[in-house]
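Whatever order the structure lists ligands and atoms in, that order sets their numbers, starting from 1. Numbering of residues begins at 1 and proceeds along the displayed sequence. Being a predicted model, the structure only gives us computed values, none of them experimental. The analysis underlying the following values was restricted to heavy atoms, covering all of them including side chains, and did not include hydrogens, waters or symmetry mates.
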Amino acid sequence: MQDLSNLPIGVFDSGVGGLTVLKAVRERLPGESLIYLGDTARLPYGTKSAQTVAAYALEATRALVSYGIKALLVADNTSSAHALDALRAEYPGLPVIGVVEPGAAAAAAASARGRIVVVATESTVQAGTYPRAILHSRPGAQVTAQPCPLFVSMVEEGLVDGPIAEQIVRHYLDPLFSGPDAGDCLLLGCTHFPALAPLFQRLLGPEVAVVDSASTTAMVLEDLLSLRRLRNHSAIPGDIRYLVTDAPERFVRVARVFVPWIIAAPQVETIDLG
Ligand code: DGL
């Protein structure tokens, strides 16, 4: 059988936020080469319909497959919520994982009393995928899904702390974390929200578990690669290649919010998905 373990893993997002997931994969699987595709020409996905998101995700996957990937990680929550089945049906031989199931399983395990609040984009909330996945892992849980569209632009503006950020976070979360039905777990169902995790934790207090799906997703990816004998155990760090569909300079600038390393402009290639 052909050894595919040296091939890269494709990581797909609507834009720059998926770098939170890329970072978790890099930390867990440093020997793996990665190709990151951010569909910056068509973001945000979080306000779009299920059909549009699925069509975009299929086009992005087709592009990544043409680079010769051994597995696909859908870092974008909105695409993970709407399009995984379509992607798996279109590419039956390609291992495809998303962030919803790993995140849901992590929240189901972390919640003390099963009162779980998922924050996500409008489109992800409309899909209902997170509550279904949480209830699958923890039947009887009380799940509330809250769209928080402002968080995406706040993070891209670097507004992750201070009085304005605090007020916006309180606007969305205070009603969900007070009273007899208060949540005990906050699941971050959007690529951008880990940047706000310290603020969420400070405002909600230590008794609320703040769960980010990125690290659990990296673990699930590792298991899947091992199972399919696709792991690259190289001691040399794998390459990371960045593809965008528009505005590479903005990608480079905003990336600083999400990854601790510098992405240089010449490392980012602009491609056309059409
Ligand atoms: N990447 C998206 C997500 O995780 C957030 C940004 C967007 O709406 O495109 O749902």
### Query
Any idea which protein heavy atom is nearest atom 3 (C) of ligand 1, and the distance to it?
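Of the protein heavy atoms, Asp76 OD1, 3.0 Å lies nearest.
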### Query
Got the closest protein heavy atom to atom 8 (O) of ligand 1, with its distance?
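Checking every protein heavy atom, the shortest distance to atom 8 (O) of ligand 1 gives Gly46 N, 2.8 Å.
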So, are [X] and [Y] salt-bridged, with charged N and O less than 4.0 Å apart?
| X | Y | answer |
| --- | --- | --- |
| Lys70 | Glu32 | yes |
| Glu122 | Lys48 | no |
| Arg253 | Glu249 | no |

### Query
Does ligand 1 have an atom under 4.0 Å from some heavy atom of Cys190?
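Yes, Cys190 has heavy atoms under 4.0 Å from ligand 1.
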### Task
Using the rule that two of Ile, Leu, Val, Met, Phe, Trp, Tyr join whenever any of their side-chain heavy atoms come within less than 4.5 Å, decide whether Leu203 and Val208 are in one cluster.
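Yes, Leu203 connects to Val208 through the hydrophobic network.
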### Query
When Ile, Leu, Val, Met, Phe, Trp and Tyr are grouped by side-chain heavy atoms lying under 4.5 Å apart, directly or through other members, which residues fall in the same group as Val65?
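Noted: Val65 shares its cluster with Phe12, Ile35, Leu37, Tyr45, Val53, Tyr56, Leu58, Leu64, Tyr67, Ile69, Leu72, Val74, Leu84, Leu87, Tyr91, Leu94, Val96, Leu243, Ile271, Leu273.
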### Query
When you look for heavy atoms under 4.0 Å from ligand 1, do you find them on the side chain of Thr121, its backbone, both, or neither?
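The answer is the side chain of Thr121.
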### Query
Looking at Tyr45, which atoms of ligand 1 are within less than 4.0 Å of one of its heavy atoms?
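So the atoms of ligand 1 that pass are 7 (C), 8 (O), 9 (O).
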### Task
Find all atoms of ligand 1 within a distance of less than 4.0 Å from any non-hydrogen atom belonging to Ser14, and give their numbers and elements.
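So the atoms of ligand 1 that pass are 1 (N), 2 (C), 6 (C), 7 (C), 9 (O).
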### Query
Should one rank Val53, Asp13, Thr78 by closest heavy-atom distance to atom 10 (O) of ligand 1, which comes out on top?
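Comparing heavy atoms across Val53, Asp13, Thr78, the nearest one to atom 10 (O) of ligand 1 lies in Thr78.
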### Task
Compute whether any side-chain donor of one residue and acceptor of the other, for Ser123 and Thr78, lie under 3.5 angstrom apart.
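Looking only at side-chain atoms, Thr78 and Ser123 do not form any donor-acceptor pair under 3.5 Å.
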